[in-house]
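Whatever order the structure lists them in is the order used to number ligands and atoms, beginning at 1.
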Amino acid sequence: MSSTPTFDELRGRALDAAAPGRYGAGAAIACDRLVRIFRADRIEVQALQGLDLVVDQGDLVALVGASGSGKSTLLNILAGLDLPSAGGATVAGCDLLTMTAKERLRYRREVVGFVWQQTARNLLPFLTAAQNVALPLQLAHGRRAKAHLSRVGELLDALGIGDLADRLPAELSGGQQQRVAIAVAMANRPAVLLADEPTGELDSETGAGIFEAFRTVNRELGATVVIVTHDPMVAGEVRRTVAVRDGRTSSEVLRRTVVDEHGEESVSEREYVMLDRTGRVQLPAKFLQALGMEHRVAVDLAQDHIEVRPDDHAR
Ligand SMILES: Nc1ncnc2c1ncn2[C@@H]1O[C@H](COP(=O)(O)OP(=O)(O)OP(=O)(O)O)[C@@H](O)[C@H]1O
Ligand SMILES: [Mg+2]
């Protein structure tokens with residue numbers, strides 16, 4: 001059995017992972033050609049097929065994509081609940097592939113927080129809201145937890161549910177339960193908060209409120225947040241939306257606020273496609289269809305861009 005690493009060893013690994021020049025150096029999340037193959041009834045499903053993703057510290061990112069594209073598979077790996085078949089992933093300097101069982105437990109308790117879609121799955125039904133938030137503190141600190149319990153009230157207040165501390169989950173609405181779930185996930189100050197369709201069971205107005213709660217956590221508590229969502233409102237409100245297609249990141253939209261000469265603010269949006277580390281790009285299907293491009297395209301280097309044209313030799 002391997003012995004528990006010392007603090008210096010752990011710090012050494014974290015510094016190593018953040019070393020300049022290394023892929024995703026210093027990022028909160030770096031996935032490097034992640035592959036996850038499931039085998040069921042002798043059928044193989046390639047849920048992730050070489051997925052690359054880098055998320056900067058402090059970012060708030062939405063992950064979108066068709067059903068079955070691999071979003072939950074990715075989140076489960078990042079949460080330390082599942083292991084990839086190949087590829088690499090680091091979160092907050094922790095290498096998800098080489099962690100020992102003990103490190104993995106600590107990772108799940110203290111480095112990442114998780115909010116599920118099913119409101120009932122996030123909370124223990126026989127504990128009050130405050131007791132649910134206190135539980136991860138007690139698990140992490142044992143007998144010394146008392147010194148940390150002031151955090152329970154602070155978190156519930158920050159999420160606008162300070163007055164509901166003594167209610168059981170069954171006495172809360174779905175939206176209130178999800179706020180408590182965010183407080184539970186943030187109890188041990190994780191570096192990264194992951195959420196798999198956290199607004200999926202809520203109506204759109206309540207969902208918008210929950211999304212605001214994620215924003216609060218991102219802005220005021222400094223957590224890096226990744227939210228899987230089908231909700232176009234959520235996807236449209238974040239700085240960065242990454243689309244997953246067939247187990248790979250395929251395109252992303254970046255938004256920034258621009259101020260014109262009259263001081264008017266507006267949001268400018270730009271769509272990008274991913275350039276993987278071997279130089280592959282996935283061109284948007286609608287562009288290819290518009291120009292009838294298939295099988296082979298002509299590529300030319302211009303001074304400051306690359307031109308991609310229909311195959312003119314075929315004519
Ligand atoms: N435990 C498993 N065993 C076998 N196949 C699985 C398992 N988990 C996921 N898959 C398969 O992997 C693929 C990706 O699934 P995943 O749950 O990651 O999709 P998703 O993007 O989260 O979809 P949705 O939007 O419907 O939640 C699917 O084809 C799914 O059937
Ligand atoms: Mg899913």
Asks: Less than 4.0 Å between a side-chain N and a carboxylate O, is that true for Lys71 and Asp196?
Replies: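 No salt bridge links Asp196 with Lys71.
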Asks: Distance under 6.0 Å and angle within 45° of the ring axis: does Arg215 meet both against Phe211?
Replies: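 No, cation not above the ring by the 6.0 Å, 45° rule.
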Asks: Which residue supplies the protein heavy atom nearest to atom 26 (O) of ligand 1, what is that atom called, and how far is it?
Replies: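 Looking only at protein heavy atoms, the one closest to atom 26 (O) of ligand 1 is Ser67 OG, 2.5 Å.
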Asks: Under 4.0 angstrom from atom 7 (C) of ligand 1, is there any protein heavy atom?
Replies: yes
Asks: Should we count CD of Glu205 as having more than 12 external heavy atoms under 6.0 Å?
Replies: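 Incorrect, the count does not exceed 12.
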Asks: Under the 4.0 Å line, does any protein heavy atom show up next to atom 15 (O) of ligand 1?
Replies: yes
Asks: Nearest protein heavy-atom contact for atom 12 (O) of ligand 1: which residue, which atom, what distance?
Replies: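 For atom 12 (O) of ligand 1, the nearest protein heavy atom comes out as Ala47 CB, 3.3 Å.
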Asks: Touching ligand 1 at all, Gly65? Heavy atoms, strictly under 4.0 Å?
Replies: no
Asks: Is there a heavy atom in Ala66 that sits closer than 4.0 Å to ligand 1?
Replies: yes
Asks: For atom 25 (O) of ligand 1, which protein heavy atom lies nearest, and how many Å away is it?
Replies: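 Checking every protein heavy atom, the shortest distance to atom 25 (O) of ligand 1 gives Lys71 NZ, 2.7 Å.
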Asks: Tell me whether Phe287 at atom CZ has more than 12 heavy atoms from other residues, nucleotides or ligands lying less than 6.0 Å away.
Replies: no
Asks: What protein heavy atom is closest to atom 18 (O) of ligand 1, reported as residue, atom name and distance in Å?
Replies: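 For atom 18 (O) of ligand 1, the nearest protein heavy atom comes out as Thr73 OG1, 2.5 Å.
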Asks: Just how far is it from atom CG of Leu51 to atom OG1 of Thr249, taken to the nearest 0.5 Å?
Replies: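 OG1 of Thr249 is found 4.5 Å from CG of Leu51.
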Asks: Give me the nearest non-hydrogen protein atom to atom 23 (O) of ligand 1 as residue plus atom name, then the distance to 0.1 Å.
Replies: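 Among all protein heavy atoms, the one nearest atom 23 (O) of ligand 1 is Gly68 N, 2.8 Å.
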Asks: With the threshold set at 4.0 Å, does a side-chain nitrogen-carboxylate oxygen contact exist between Glu265 and Arg256?
Replies: no
Asks: Here's a test for you: under side-chain contact (heavy atoms from CB on, under 4.5 Å), which of Val192, Leu194, Thr224 qualifies with Val91?
Replies: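 Only one of Val192, Leu194, Thr224 forms a side-chain contact (heavy atoms from CB on, under 4.5 Å) with Val91, namely Val192.
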Asks: Using the rule side-chain contact (heavy atoms from CB on, under 4.5 Å), only one of Ile77, Ile37, Val35, Asp246 pairs with Leu48; which is it?
Replies: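 Only one option passes, and that is Ile77.
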Asks: What residue among Leu63, Val253, Leu254, Val226 forms side-chain contact (heavy atoms from CB on, under 4.5 Å) with Val242?
Replies: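 When side-chain contact (heavy atoms from CB on, under 4.5 Å) is applied between Val242 and each of Leu63, Val253, Leu254, Val226, only Leu63 qualifies.
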Asks: Measuring from the heavy atoms of His230, does anything fall under 4.0 Å of ligand 1?
Replies: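 Yes, His230 has heavy atoms under 4.0 Å from ligand 1.
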Asks: Hey, could you give me the CD/CG distance between Glu197 and Leu75, rounded to the nearest 0.5 Å?
Replies: 10.0 Å
Asks: For the Mg ion (ligand 2), report each protein N, O or S atom nearer than 2.8 Å, sorted by chain and then by residue number.
Replies: Ser72 OG
Asks: Got the closest protein heavy atom to atom 9 (C) of ligand 1, with its distance?
Replies: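 Among all protein heavy atoms, the one nearest atom 9 (C) of ligand 1 is Phe38 CE1, 3.4 Å.
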Asks: Just how far is it from atom CD of Gln177 to atom CD1 of Ile161, taken to the nearest 0.5 Å?
Replies: 10.5 Å
Asks: Identify, by atom number and element, the atoms of ligand 1 in contact range of Gly70, meaning under 4.0 Å from any of its heavy atoms.
Replies: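 Result: 14 (C), 18 (O), 19 (O), 20 (P), 21 (O).
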Asks: When you measure from atom 31 (O) of ligand 1 to every protein heavy atom, which one gives the shortest distance, and what is it?
Replies: Val45 CG1, 4.8 Å
Asks: For atom 17 (O) of ligand 1, what's the nearest protein heavy atom and its distance?
Replies: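 Looking only at protein heavy atoms, the one closest to atom 17 (O) of ligand 1 is Ser72 CB, 3.7 Å.
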Asks: Mind listing the closest non-hydrogen atom pair of His230 and Gly65 along with its distance?
Replies: NE2-O, 3.7 Å
Asks: Report yes or no: do Arg245 and Ser251 form a side-chain donor-acceptor pair below 3.5 Å?
Replies: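 Not at all, the side chains of Arg245 and Ser251 share no donor-acceptor pair under 3.5 Å.
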